[in-house]
Structures are given as C-alpha cells and as structure tokens.
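Everything on this sheet refers to the single structure shown next.
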Amino acid sequence: MSEQPNVKNIDKVVIRFSGDSGDGMQLVGNIFSDVSAGEGNMISTFPDYPAEIRAPQGSLSGVSGFQVSVGREVYTPGDSADVLVAMNPAALKTNLKFLKPGGIIICDGDSFTETNLKKALYTTDDPIEELGIDPDRIMLVPMTTLLKNTLADSGLDNKSIMKCKNMLALGLVCWLFDRPVEKVLEKLKTKFAKKPAIYEANERVIHAGWDYGHNTHAGMPTYRIETDAAQPGIYTDVNGNTATAWGLIMASEKSGRPLFLGSYPITPATDILHELAKRKDLGVKACQMEDEIAGVCSAIGASYGGHLAVTTTSGPGLALKSEGIGLAVMAELPLVVVDVQRGGPSTGLPTKTEQTDLMQALYGRNGESPLCVLAATSPTNCFDMAFEAARIAIEHMTPVILLTDAFIANGSSAWRIPEENDYPEIKPRYVAGDLLEQGWKPFDRDEETKVRYWAIPGTEGAMHRVGGLEKDYKTSVISTDGPNHELMVKTRREKVAKIAEDIPLLEVEGNIDADTILVGWGGTYGHLISACAELNSEGIPTALAQFRYINPLPKNALEVLKGYKNIIVAELNTGMFADYLQMHLPGKEILRVNKIEGQPFLVHEITEGVKRELALIK
C-alpha cells in the first residue's frame, strides 16, 4: 500500500458503526478502538445493541450500533458522529439521526435492494433522496460485490464469505483515518489463531477495503488523529466489565487471599463471570451458580473460609441477593457485590443503561444493614474501584456494593496497564498472637475502627461461629437483649461511618471559585466534565464534583457543597442522589437534571439542563 498524500490532522473524531446484530459491528468497533488506543489516542466507546436476541435480518428493530470517539481530550463517545458506517438501509435509517450535519456516510450500496428497502419501511426506491441526504456526503461502496470478488477463490461458502463484510468496512475506515492495517491484522491473527482460512480471508478483505478507499477516492483527504503526550507504558483499550475483573484479581494478589466468584449470569454483568472463569492460571475460582441467591450464599461461604469473595449481578439480581447481603452485614464478613446497573424495574431494559439502583444499594435490606457503597466513573476506573471495593471489604470487614452501569461496563477507554507497585498492599486484620492468648471471641474488634478480626478456618485456637442471629457485644454468644442489640446496631453503623477516615477527600474540578457546582456520581463523569468545560467556555462559571464514594461520603463532601450557592445534580434516574444529598444538607435546595431513557447523557442535555435550572432561580 502506498501512502495517501492528502492527509489532514484533526484533534478528534466520532465514528458510528451500524448494521444488523449479526453484522459484527461490535467486533469492528472494538478492533478500531483497540488499535487507536495502541496508537496513543484517548478513546471512549458506546456499544448500543437491541435487547432482542436476533430480530429479523434487515429490520429496523434489529440494528446494532457501536460509537467511538478517538483523539485528544476524549471523555465521551460524542453527542453525534462525524462518520456513519451503515451496512444496510435499516442501519442508515435508524442511525442517520446520530450523524452531525455535514458528516460522512459510508454505506453498502449493494444492500439497497427492493427487499431490504421494504423491510426497513422505505416508501420509495431512492433512500438517499427520501432521507434528505446530500449525495456528496455519502460513499456508496459496492461492499457485497467487492467482497465476493475478493474471496471468489477462497474456497469459503457464501455464508462464511458474507461474515467477512464487516472487515471490508473496517479496512475502508482504517484508510480514511490513517490507522495501521498491520495492527488490525495482529488482532485478527489472535482472534482466528485456530482458523487460519478465516484469518486469511479477513486479511484479504481488510486490504481490499483499504485499497478501495485509496484507489477510488484518491482525491478525498484522509485524516490523522492527533495524540496527547502520555505516561510511558503499555496501552490498550479495556471495557468496564473486564477492568472490574482485573481489578479484583489485583486485589487478590495484593491481599494474599484467593479470589472466589459465585455468580449467576445476568445482562450486563455476565462478562465479569466470563473473564474470571478464564483465570484459573491466577488461582481464581469462578462458579456459575444455579440462581442469584446461591451466588451470594456461595460467596459468603467462601468469605468465611478466608477468600476474597465476590458476587456479580444487575438490579433484579441485587434484589434477590438482599437477604444474603444482610447476613454478611450481620456476620461482619468481607464481601464484594458488583451491581452493573441497567434499566428497570423488573426485567426492564436489559441492554440499556440507568443509575436506578442507588437506593436499593443504600437501603435495600431489612433491619439496620449499613454497608459501604462505591461507584465507578469510567471503564478504566472500574479497575481502581474494584480494587478499592475489595480493599475496603477486607480491611473493614464489611460487604461493599460497587455500582457500575451498562454504559461503562460495555464501553471502553484507553488504559495504561499498571505496574505492580502502583497499588498498595491490602492488609487483612487476622486473628493471631496476643489476641488468641487473651481469649479471643468472634466479635472482638479494634475499638478505634470498630472492625472485628478475621479468623481463617484452620487457625489454631480460632474455632468460632458467626451467623444471622444477633450476638452479645462482649461474649459473642447469641443474644436477644434489647440494649445489646441497640449497641451492636450502632457499632456496625459506626464501623461503616469510620471508613470515611480511609478514603480520599472529595475533589472539585472546573472553575472551583464559581457559584454553581455540577454534581454527579458514577459513570456520568465523562459527560459531566465535558459539560462543565463547555459551560465555562460559554461564560457560565461552573465547578464539578463527581462522587465515587457514596456511603460513607468523603468527610469533606458536605462542607465543600455548602460552599456553593447553586448545587445541580445530574443523574440517569429521577433524582436519587439528589434526594440522598438533600437528606444530608437540610435547608439547602438541590437542583436536578435527570434523564431516564436507557441511554447515557448527551453533553448538550446537561448544559441545557444547567442553564434551565439557573434561569428558574433568577
């Protein structure tokens, strides 16, 4: 391949791949993202796929999308795309609304058949005119024809040939944005290591796509995406579920406790189970249990046995696990519960994102059942917060609920693979030495932190029993005494509250001297930091506070928020975190920007919401 001479430098670009669920849009999007991360670009991705297992081919309901933003200062997948890749008329029709005015469309011209147009509910035989598309902004590529010609002598059957069409589109996009084809082929060689004929076919198709762009559109510019100076290291792209799994593995290494996962498959959390099931080489025990209740109970048993115990789920499963989590609170055992939030209630929107499990995480158990609640802010931050959830669970002997969501769990970001010394040792409070000699009892605790000691079965002199019945504060035997119960309830509450001494202070970004502070939590960070920057650039001074620690709150959090005239909480629910903060800030009005559509925020929705709220209080 010869170098394309007409190359323009750009800071960032947003590309949206779209096609049938079986067209491989998630695969090509992930490969393009991974290669871009390896080139030093920041990335943010948004896989957007239907809840149906397989809608009718070519239908509007069966379209799957993958949007990625690549370049400098990338925090979101972008409100709208610069380039739309549409593999059929249905994909073009449903995704055109995501394209910027003047954006480029790459489309399979061979797919504009009478049958496909009918399936996609077109009323004419000219979809370009019907949709009002500028003919100069669309590249109608004869993908099917080009594909069949390229693989005519491959020996593959027609079905196998058609599965390669997504790679033709990927080759064309690699040409357009000056991505190294060699890096793409490295990814494919790994994926098809045991299927050399399939790899060879895809290799030929990738080159065919690149060559088509180079030869047919030689007068059209290609684009080189600029990179920021980055910390030296090895970079890749990673999605939130994978990062969560890896963070738990790091915590296992740093604590010296073997990792056990007891879980039941549920969208969108299942990939954590898949990833940990692969890691027997690192001593991980991953068990797919028969239901959600068995998942949490197996993890509690593993925790009692001395493991770093984890269970993963989404909102409906968290509800089923609630009694088991209450048992872990009462027994004061370390347990990490990862809740990858999705749209509800009930089965709800299994493949869509929301932040609607917050109140369930905080209060969804019977009795006084305090525990620690954390939230990850990005796909890569899932690694850090999974590690932190495990650290707090072990060092403070408490269940910890880590909230992620479908957006960051399925989305990916560029990630620098950490060094071993980037993370601290995790130090369990074991029963040993003087404690045993002094006549240790199961609910003896450090009086400063209120953390009880962990007795690993097999420790000589540490035979013990814990469970779901209340125990006496001094003797650790079963007790129904009222004053003792009140003491134990307050002690467990105080133990969780004291975690605030062991977590970072709340940091404020943006214009810290502004009158207005924008507040968020969890996976909305990228959209909120982008909105904050936009508001400041428009002359609306705005600060930003994004919460990762929710219970307990960072110990400076309330004082920080009290220092602002206007507090505006933006979240993907009806106002749960706003209500939670309002409880802690009586007399201070909390303003709200909310969205509950199963989709992440768009940056302009936040900026418009902030302007609207500020206008209302003038």
Side-chain angles (χ1 to χ4, degrees), residues 11-18 29 33 42-50 63-84 91 93-103 240 341-343 349 351-356 377-379 404-413 509-510 516 518-538 540 542 544 546 568-575 577-578 591-615:
D11 283 334
K12 67 176 70 173
V13 69
V14 178
I15 306 166
R16 188 174 182 92
F17 298 90
S18 61
S33 303
M42 294 180 68
I43 66 167
S44 178
T45 74
F46 176 44
D48 187 16
Y49 45 88
V63 174
S64 176
F66 187 103
Q67 186 161 307
V68 55
S69 181
V70 179
R72 288 175 168 169
E73 297 185 5
V74 170
Y75 301 106
T76 78
D79 281 11
S80 52
D82 299 287
V83 176
L84 170 63
K93 190 172 189 178
T94 58
N95 284 272
L96 187 60
K97 62 186 177 184
F98 299 114
L99 186 68
K100 293 177 181 176
Q341 299 168 97
R342 72 188 203 190
L349 305 172
T351 64
K352 306 301 180 183
T353 196
E354 277 185 1
Q355 291 183 299
T356 46
T377 58
S378 70
T404 71
D405 59 59
F407 171 62
I408 60 173
N410 293 323
S412 59
S413 298
E509 301 177 74
T516 299
L518 183 59
V519 176
W521 64 277
T524 57
Y525 173 73
H527 296 90
L528 267 63
I529 190 66
S530 300
C532 180
E534 208 166 287
L535 288 163
N536 283 306
S537 70
E538 293 178 18
I540 304 173
T542 309
L544 171 67
Q546 190 79 9
I568 304 176
V569 178
E571 51 188 324
L572 299 176
N573 57 44
T574 55
F577 192 58
L591 307 175
R592 299 143 193 262
V593 175
N594 303 108
K595 180 177 181 178
I596 323 111
E597 298 179 7
Q599 297 289 322
F601 276 120
L602 300 177
V603 173
H604 76 83
E605 292 172 336
I606 301 169
T607 58
E608 290 168 6
V610 169
K611 294 172 187 175
R612 181 180 63 250
E613 291 300 311
L614 293 178

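- Within the 3.5 Å criterion, the main-chain N or O of Gln355 finds no donor-acceptor partner in the side chain of Glu571.
- With rounding to the nearest 0.5 angstrom, the CD1 atom of Ile568 is 11.5 Å from the CG atom of Leu544.
- The two residues Thr356 and Asn573 have their closest heavy-atom pair at CG2-CB, 3.6 Å.
- Rounded to the nearest 0.5 Å, atoms CZ (Arg342) and CD (Glu354) are 10.5 Å apart.
- In this structure a side-chain-to-backbone donor-acceptor pair under 3.5 Å is present from Lys12 to Glu73.
- Relative ring orientation between Phe577 and Trp521 is described as tilted, the plane-to-plane angle lying within the 30° to 60° band.
- Residues Ser33 and Phe66 have side chains in contact (heavy-atom distance under 4.5 Å, counting atoms from C-beta outward).
- For the atom pair Ser18 OG and Leu99 CG, the distance stands at 10.0 Å (nearest 0.5 Å).
- Closest non-hydrogen pair, Ser69 versus Gly78, comes out as CB-N, 4.3 Å.
- Residue Ile540 forms a side chain to side chain contact (heavy atoms under 4.5 Å, CB included) with just one option from Thr516, Leu535, Thr607, and that option is Leu535.
- Contact annotation: the side chain of Val68 approaches that of Ile15 to within less than 4.5 Å [non-hydrogen atoms, C-beta and beyond].
- Here CG of Asp79 is found 7.5 Å from CD of Glu605. Values are rounded to the nearest 0.5 Å.
- Residues Tyr75 and Ser530 meet the side-chain proximity criterion, which asks for heavy atoms closer than 4.5 Å.
- Looking only at distances, no side-chain donor or acceptor of Thr542 sits under 3.5 Å from a matching main-chain atom of Cys532.
- Using modelled atom types, no side-chain atom of Asp48 and backbone atom of Gly65 make a donor-acceptor pair closer than 3.5 Å.
- Lys611 and Glu538 make their closest contact through NZ-OE1, 2.6 Å (heavy atoms, listed as atom of the first residue, atom of the second, distance).
- Residues Arg16 and Asn95 approach most closely at NE-OD1, 2.5 Å, considering heavy atoms.
- Taking CD of Glu613 as the start and CG of Leu518 as the end, the distance is 11.0 Å to the nearest 0.5 Å.
- In this structure, Thr76 and Ser44 approach most closely via the heavy-atom pair C-OG, 3.3 Å.
- To the nearest 0.5 angstrom, Asp405 atom CG is 13.5 Å from Lys352 atom NZ.
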Exercise. Determine, stepwise, if the pair Thr524 / Gln546 fulfils side chain to side chain donor-acceptor pair (under 3.5 Å).
Key: CA-CA 8 Å; Thr524 57; Gln546 190 79 9; 3.1 Å; yes

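- The nearest pair of heavy atoms linking Pro600 to His527 is CB-CE1, 3.9 Å.
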